[in-house]
2 protein chains.
Amino acid sequence: MGKSNLAAEILLFTDGACSGNPGPGGWAAILRHVESDKEKKISGSEARTTNNRMELMAAIEGLRAINADRRHRVCLISDSQYVIFGLTQWIKGWIANDWRRGKKSNAPPVLNVDLWKTLYELSQQHDMTYEHVRGHSGHLENEECDRMAVAAIKDLKRGND
Amino acid sequence: MGKSNLAAEILLFTDGACSGNPGPGGWAAILRHVESDKEKKISGSEARTTNNRMELMAAIEGLRAINADRRHRVCLISDSQYVIFGLTQWIKGWIANDWRRGKKSNAPPVLNVDLWKTLYELSQQHDMTYEHVRGHSGHLENEECDRMAVAAIKDLKRGND
RNA sequence: GGACACCGGGUUAC
DNA sequence: GTAACCCGGTGTCC
C-alpha cells in the first residue's frame, strides 16, 4: 500500500492469461470504489491472442468501465511489467519515435500499437497512478483476476462465452 | 526455390554468430551435393571477432571445402546482406576504387579487406549464384547453421575447440 | 536517410 | 526447451 494508493478514488486491478501464447486468451479486471467499497468485476476472452495483448486488454476494459463524466483518480495495479513500464516509461519514447523501438529510422515497430494507443488515450482521461505487483505472491485481488481470466478461457473453450 | 538453385550442383548454406560483437565468434556451413544428396557440415570459431567477419568466414570456409579440381556450379545461401550484396554488387566498385567506399581518393577504406579478397578469389574459381534468406524465419538449413555457429562459440568458451 | 545481421539485459506465458 | 514483449548496444554496407 504505497502513498499513491491512499489518494486514489478507484483501484483498478487487472490480469491477463493466455493458454498457449499465442492461443486462447482471457482478461479480467476488478474495480473498487475506495470510499463506498463497491466493487465491479469484468472479464472477457479472445480465441487467438498473446499473453501481452490480454494484459493490455484487461487495463483497457478496466478503464472503459470507469465513468468518463469527469476525471477520476485511478490507481492501476497489474502484475505485468509490460503494461506498467509501458505506460509509465516506454510510451513517451514510442510517441517521440513514431512508434518505433529506438531512435534509428529503421528501428523495428512497437507491437500491439492498436492497443497501446487506445490504452494511452483512456489513461489520459483520468489522473492515473500505477503499481506493479508480483504475480502469484498472495496478492488477493491479483489472484482473483487471474482466476477470472483463466475462467474466461475455459468458458471460451466450452463455447459458453 | 529460384531458377538459379535448379542449376546448382552444390548448395552452400552459411551463417555466422558473435557473442558480444565484437567478442567470441563462430561460423558454420552446410554443403549439399544436390545430385547425391550428400551433406557436409563444418564449423569453427575465433576468440575475438565481429559478426560480419564470421559471416564472411562461413562463406570462405564453405567454398574452401569444395574440391577445386574443376569449376562447380555453387549456390551460396546466406542471411547476411553484407555477404550477398557485397559479392554480387559492391565488390566491383571496391575493386575499381582500390578498395575504397567511393570514387574519391579520400573515400574511407572498405573494412575486412583481407577476408573480402580471399572470398572473392575463391568465388572466381566456381560458377556462383547467390541467394539471400531472412534469418530466423523457419529456413531449415539456415537455422541449423545458426545452431552450429553458436555451438562453436560454446565449445570455444569451454576450451574444447 | 535506408538495409541486413550480430549481440547484451529484463518480464511474462506455455 | 519455445513464444510473446520490452530496454540498451555494435558490425557493415548503400
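Numbered from 1 within each chain, the chains take letters A, B, ... in sequence-line order.
Atom-to-atom, NE2 of H139(B) to C1' of A5(C) comes out at 16 Å; the value is rounded to the nearest Å. Atom-to-atom, CH2 of W99(B) to C1' of dC13(D) comes out at 13 Å; the value is rounded to the nearest Å. If you measure from atom CG of L115(B) to atom P of dG11(D), you get 15 Å, rounded to the nearest angstrom. Across the protein-nucleic acid pair, R134(A) atom CZ and G10(C) atom P stand 13 Å apart, rounded to whole Å. One interatomic measurement links the two molecules: CG of D15(B) to P of A5(C), which rounds to 10 Å at whole-angstrom precision. Atom CD1 of I84(B) is separated from atom P of A3(C) by 19 Å (rounded to the nearest Å). For D79(A) and U11(C), the CG to C1' distance is 10 Å, given to the nearest whole Å. Between the CD atom of E46(B) and the C1' atom of dG11(D) there is a distance of 14 Å, rounded to whole Å.
Nearer the 5' end of RNA chain C, as judged by each residue's closest nucleotide, is the contact made by E55(B), out of E55(B) and F85(A). Judged by closest nucleotide on RNA chain C, I153(B) is the one of Q81(A) and I153(B) placed further toward the 5' end.
Taking the six-membered ring where tryptophan is involved, the planes of Y82(B) and W116(B) are perpendicular, since the angle between them exceeds 60° and thus also 30°. Note: F85(B) and W90(B) have perpendicular aromatic rings, judged against thresholds of 30 and 60 degrees for the angle between ring planes.
Here CD1 of I30(B) is found 10.5 Å from CD1 of I42(B). Values are rounded to the nearest 0.5 Å. Distance SG/C75(B) to CD/E9(B): 12.0 Å, rounded to 0.5 Å.
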Could you run through nucleotides 3-9 of chain D and give me one letter per nucleotide, 5' to 3': B if any protein heavy atom sits under 4.0 Å from the base, S if only the sugar-phosphate is that close, - if neither? BBSSB--
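Looking at heavy-atom distances under 4.0 Å, N106(A) makes contact with a base. Residue G93(A) is classed as having no contact, given no heavy-atom separation below 4.0 Å to the nucleic acid. Among the protein residues, H132(A) comes within range of no part of the nucleic acid, since none of its heavy atoms lies under 4.0 Å from any strand.
In this structure, D127(A) does not pair ionically with R73(A), as no charged nitrogen and carboxylate oxygen lie closer than 4.0 Å. We find that R53(B) and D114(B) are joined by a salt bridge, their nearest charged nitrogen and carboxylate oxygen being less than 4.0 Å apart.
Both M54(B) and L87(B) belong to a single network of hydrophobic side chains, linked directly or stepwise wherever heavy atoms of I, L, V, M, F, W or Y lie under 4.5 Å apart.
Distances shorter than 4.0 Å separate none of the side-chain N or O atoms of S80(B) from OP1 or OP2 on dT12(D).
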